[in-house]
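One structure is given here, and the rest of the page talks about it.
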Amino acid sequence: MENMKRTVTCGNLRLADNGKIVVLNGWVHRHRDHGGIKFIDLRDRYGITQIVVDADSPDKLKAAAQDLKFEYCIAVKGKVRPRPESMKNTRMPTGEIEVQAEDIDILSRCDVLPFMIDEKSDAREELRFKYRYLDLRSFSMQRKIKLRHEVVFAVRGYLKDHDFYEIETPTLIKSTPEGARDFLVPARLFPGRFYALPQSPQLFKQILMISGFDKYFQIARCFRDEDARGDRQPEHTQIDIEMSFVSKDDIFAVLEGLFCHIFKEALSFELKIPFKRIAYNDAMNRYGSDKPDLRFQLYLKDFNEFADEGDFKVFKSVLENKGTIKAIVAPGCGSFSRKQISELEETAKIYGASGLAWMKVTEEGLEGGISKFYSSQADKIKTGLDAKPGDLILLAGSGWKKACTSLGAVRIKLAHILNLVSPDVFEFCWVTDFPLFEWNEDEKRWEAAHHMFTMPQEQYIKDMEKDPGKVKGDLYDLVCNGVELASGSIRIHDPGLQRRIFKIVGFSEEEAQRRFGFLLEALKYGPPPHGGIAPGLDRLIMLMAGENTIREVIAFPKNTQGVSLMDESPSEVDDEQLKELHIKVVRE
RNA sequence: GGGGGCGUGGCGAAGCUGGUUAUCGCGCCGGCCUGUCAAGCCGGAAGCCGCGGGUUCAAGUCCCGUCGCUCCCGCCA
C-alpha cells in the first residue's frame with residue numbers, strides 16, 4: 001500500500017493537472033471493456049475519475065484490469081492526460097481529463113452486489129437498510145449526510161457566536177412517565193430499578209438555567225418508545241436550546257437568525273425573516289391544522305351561519321351540539337366525479353369526520369349534493385365563500401377540532417390533486433397561543449397539551465382553575481411546509497404556579513414530588529425566568545434535502561417497526577445477561 | 001390497537017376475467033469488440049411467485065390464515 005496511497009481524490013483532477021503522475025484510491029463504480037481499451041470509473045466521496053487502460057498496456061496491467069468488478073476497492077497509479085476533444089464529458093467535473101493507468105492494485109474484492117450503487121437506488125428500503133453501508137456509498141446519500149454535517153456545524157458556529165454553551169446532559173436518567181413511553185434501562189446494581197433514556201433533555205436544560213448558564217444548546221439524542229412514522233423514529237436528534245431572562249420574541253429572534261444562517265451556510269439559500277406568526281385557533285380555522293402548509297391557499301371557511309339558516313338537518317344538529325361546519329372551496333373542481341368526491345370523503349373520514357358534504361357551484365346557483373337545502377341562500381353562500389361557477393364546495397360538520405382537521409386533510413389532498421404544492425419553497429411560520437390544557441375524555445381529566453412546565457399566558461393565570469380549557473400557554477411551534485420543525489415554550493419558574501398546574505392535571509403533591517422533586521427543589525433556589533425550544537434536526541435536514549422521510553437523512557435508521565435491519569436490533573440476549581440484571585422475560 | 005398498499009430469479013418490475021415451458025430490464029457467467037461514460041453485440045445460468053391451508057380438472061392469479069415491509073389513524077407531555 002505504501003507507494004499506492006492516494007495523492008489526489010477522485011474529484012479534483014482538472015486539465016491543469018495534465019502530465020502529473022498520480023495515485024487514486026477508490027471503488028470501481030462502472031467499468032467498460034472494449035476489448036482493446038478499457039475504462040474504469042473510479043469513485044470516492046469526492047467524485048469520479050475515469051481511468052483508462054490502453055490497448056498497448058503491459059499484460060500484467062491488462063490482466064489486473066480484466067479482473068475488476070463492481071465495487072472492488074482499488075488503487076491506481078497513472079498519468080493525467082486530457083481526453084480527446086470529442087470525448088470530453090461536460091456532465092462531470094473531471095470530464096476533461098482521464099488517468100492513463102500504469103499500475104492497478106486490488107485492495108479488496110466485492111461480492112455480487114444486492115443492488116447497484118446508484119444516484120437513486122431502486123432497491124426497496126428494506127434491502128437498502130440491511131446493506132446500509134452500500135446504500136450510503138451512493139452520491140445521493142453522501143450528499144444528504146454531508147448536508148447534515150454542514151447544518152450541525154452551522155448550528156454550532158452560530159450559537160457559539162451568540163454566547164451559547166454546548167453542554168451535555170445524561171443519557172441515563174430518571175423515568176418520568178408522562179407523555180411518551182420511556183425506553184428503560186435496567187440498573188444492574190439496583191435490582192428492580194431502571195434508568196430511562198431521555199425523551200428530551202427538558203428537565204436538565206431547565207436546571208442548567210437555574211445553574212446560571214444563561215444560554216445553552218445541545219445536539220441531543222432523544223428517545224421515545226412510540227410507533228414510528230415517516231417523520232418519527234424511536235430515536236431522533238434535537239437542536240435543544242434554552243435561554244434565561246427572555247420572552248418568546250427573544251427566542252423567535254434567535255431561531256430566525258439561526259435558521260437564516262443554517263440555510264445560507266448549507267444551501268446558499270436566503271430565508272425571509274421574520275417568519276409569519278399564526279395563532280393556533282387561526283391556523284386550525286384557516287388551514288385545518290396546527291402545522292399549516294402555507295405553500296398554497298385553499299383556506300377553510302366558516303359555514304355555521306349558512307347551516308343555521310339552511311334546512312340540512314345533519315348540520316343543524318351539529319350546531320345544536322355546539323359543533324362547527326367548515327367549508328372549503330375547491331376551485332374548478334365542479335367537474336369532479338362521484339368517485340373523486342368519495343375519495344376526498346375517505347380522506348375526511350380517516351380524521352374522524354362522519355362524512356363530506358358537497359355542492360357544485362354553477363352560474364345559476366348551487367347544484368347536486370346537499371344544494372337543495374340551501375337553494376334560497378345560494379347567492380349569499382357563493383359570495384360568503386367566494387365561490388365561482390365551476391367550483392366545488394366541500395363541507396364537514398363535527399366538533400370544532402374534528403371539523404377543522406378532517407377538512408384540513410382534504411385541503412392537503414386537494415392541493416396535491418390540483419398540483420398547488422410548489423417544491424423548492426420554504427414557507428415558515430410560528431404557530432402561537434396553543435391551549436395549555438387538553439381534556440382527556442378517556443381519563444376524564446385535564447392534561448398538559450405540551451408539557452407541565454409551560455407558562456400560562458399572564459392574563460389567564462388568575463382564574464386558571466375556573467376553565468382550564470380556555471387557558472393559553474406561552475407555547476409555540478415552528479412549522480415549515482406543513483412539517484412541525486420545532487416546539488418550545490416559556491417555562492414556569494415559580495414553584496407556587498407549578499404546584500397549581502400539577503393540581504389541575506390531577507397530580508398530587510406526593511406524586512409531583514416523586515416524579516419531578518428535583519426540579520421542584522431546584523425551583524426554590526432563585527430560578528431565572530427562562531424558556532426554550534427544540535428544533536428537530538432530522539426533520540430539518542429532511543426538508544432541506546427535499547425528502548419525505550427522516551430515514552433518508554439518518555445514517556443508520558430503524559424501520560417503522562423500530563428494527564435496525566443492519567445490526568438486527570432489538571435482539572434477544574443471553575440468559576446470563578438477564579440474570580445479572582435480575583430480569584425474567586415473560587413470554588405470552 | 002385499527003385501516004389501506006405491497007411481497008414474482010441477486011435487484012426493479014409485467015403477468016387481465018384462473019388455462020401450454022412464468023415475461024422484461026438491470027446484475028451475474030462465457031464470448032466478440034481500440035474511445036466509452038447507463039458502452040454495444042452474441043450466447044448462457046439463475047425462480048417452491050413471502051409462508052401455510054383451502055376452492056378447482058387446473059392457482060402467481062380466487063378465498064382464509066400467517067409473516068415481513070410500507071403509508072395512514074390512534075399514540076407521539
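Below, read A as the first sequence line, B as the second, and so on, with proteins coming before strands; counting in each chain starts at 1.
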Which residues in [range] have a heavy atom closer than 4.0 Å to any atom of RNA chain B?
range                       : value
residues 495-513 of chain A : none
residues 551-568 of chain A : A:Arg551, A:Asn559, A:Thr560, A:Gln561
residues 229-241 of chain A : A:Arg229, A:Gly230, A:Arg232

- [ ] Scan residues 200-209 of chain A for pairs that pass salt bridge (Lys or Arg N to Asp or Glu O under 4.0 Å), counting only residues two or more places apart or in two chains.
- [x] A:Lys205-A:Asp240, A:Lys205-A:Glu242

TODO: Provide the full list of salt bridge (Lys or Arg N to Asp or Glu O under 4.0 Å) pairs with a residue in residues 53-65 of chain A, sequence neighbours left out, each pair given once.
DONE: A:Asp54-A:Arg81

Can you tell me how far [atom1] in [N] sits from the matching atom in [M], rounded to whole Å?
N      : M      : atom1 : result
B:rA45 : B:rC57 : P     : 36 Å
B:rU56 : B:rC62 : C1'   : 10 Å
B:rA38 : B:rG50 : P     : 35 Å
B:rU66 : B:rG27 : C1'   : 33 Å
B:rG74 : B:rG68 : P     : 24 Å
B:rC42 : B:rG52 : C1'   : 44 Å

Which is true for [X] with a 4.0 Å heavy-atom rule: it touches a base, it touches only sugar-phosphate, or it touches nothing?
X        : value
A:Arg81  : base
A:Tyr351 : sugar-phosphate
A:Arg83  : base
A:Asp227 : base
A:Ser200 : base
A:Gln202 : base

Nearest whole angstrom, please: distance from the [atom2] of [N] to the [atom1] of [X].
X        : N      : atom1 : atom2 : result
A:Leu68  : B:rA39 : CG    : C1'   : 17 Å
A:Ile40  : B:rG35 : CD1   : C1'   : 14 Å
A:Met87  : B:rC37 : CE    : C1'   : 11 Å
A:Glu343 : B:rC72 : CD    : P     : 18 Å
A:Gln100 : B:rU36 : CD    : P     : 18 Å
A:Ile350 : B:rC72 : CD1   : P     : 10 Å
A:His29  : B:rU36 : NE2   : P     : 19 Å
A:Leu134 : B:rC11 : CG    : C1'   : 13 Å

Minimal non-hydrogen separation, [X] against [Y], with atom names:
X        : Y        : value
A:Cys10  : A:Thr49  : O-OG1, 2.7 Å
A:Arg551 : A:Thr549 : N-OG1, 2.8 Å
A:Pro456 : A:Leu497 : CD-CD2, 4.0 Å
A:Leu394 : A:Leu344 : CD1-CD1, 3.8 Å

Pair partner, [N] [Watson-Crick or wobble, under 3.5 Å]:
N      : result
B:rC62 : B:rG54
B:rA22 : none
B:rG7  : B:rC67

Pairwise N/O distances under 3.5 Å, protein to nucleotides 3-10 of chain B:
| residue | atom | partner | partner atom | Å |
| --- | --- | --- | --- | --- |
| B:rU8 | OP2 | A:Arg124 | NH2 | 3.2 |

Open item on the list: Checking side-chain hydrogen bond (donor to acceptor under 3.5 Å, both in side chains) between A:Gln50 and each of A:Arg30, A:Arg32, A:His29, which is the one that passes?
Closed with: A:Arg32

Task: Where at least one partner belongs to residues 545-572 of chain A, residue pairs that pass ring-ring contact (aromatic ring centres under 6.0 Å, His included), sequence neighbours excluded - done: none

Between [X] and [Y], does any side-chain donor sit less than 3.5 Å from a side-chain acceptor?
X        : Y        : answer
A:Glu509 : A:Gln513 : no
A:Asn559 : A:Glu126 : no
A:Gln238 : A:Ser200 : no

Task: Spacing of A:Asp433 atom CG and A:Tyr280 atom OH [to the nearest 0.5 Å] - done: 11.5 Å

Open item on the list: I need the A:Met542 CE to A:Cys480 SG distance, nearest 0.5 Å.
Closed with: 9.5 Å

TODO: Please list, chain by chain and in numerical order, all residues satisfying salt bridge (Lys or Arg N to Asp or Glu O under 4.0 Å) with A:Asp227, sequence neighbours excluded.
DONE: none

Task: With A:Glu521 via salt bridge (Lys or Arg N to Asp or Glu O under 4.0 Å) - residues at least two apart - done: A:Lys524

Open item on the list: Between B:rU36 and A:Gln50, counting only base atoms on the nucleotide and side-chain atoms on the residue, is there a donor-acceptor pair under 3.5 Å?
Closed with: yes

Task: Donor/acceptor link under 3.5 angstrom from A:Arg30 side chain onto base of B:rG27 - done: no

Open item on the list: Using the six-membered base ring of B:rG35, report whether A:His34 stacks on it, requiring centroids under 5.5 Å and planes under 30° apart.
Closed with: no

Which of the following nucleotides, [options], is nearest to the side chain of [X]?
X        : options                : answer
A:Ala55  : B:rU34, B:rG74, B:rC37 : B:rU34
A:Glu226 : B:rC72, B:rC69, B:rC75 : B:rC75
A:Arg224 : B:rC76, B:rG35, B:rC33 : B:rC76
A:Ala180 : B:rC76, B:rU36, B:rC75 : B:rC76

Task: Distance test, side-chain N/O of A:Lys38 to OP1/OP2 of B:rA39, below 4.0 Å - done: no

TODO: Ignoring backbone atoms, establish whether A:Arg32 has a side-chain N or O less than 4.0 Å from OP1 or OP2 of B:rA39.
DONE: yes

Task: Of all pairs that satisfy side-chain hydrogen bond (donor to acceptor under 3.5 Å, both in side chains), the ones with a partner from residues 468-487 of chain A, not counting sequence neighbours - done: A:Asp467-A:Lys470, A:Asp477-A:Ser487

Task: All pairs passing side-chain hydrogen bond (donor to acceptor under 3.5 Å, both in side chains) where residues 406-418 of chain A contributes a residue, at least two apart - done: none

Task: Upstream residue (5' side of RNA chain B) when A:Glu126 and A:Ala449 are each assigned their closest nucleotide - done: A:Glu126

Which atoms of nucleotides 42-44 of chain B (N or O only) lie under 3.5 Å from a protein N or O atom, and what are those distances?
none

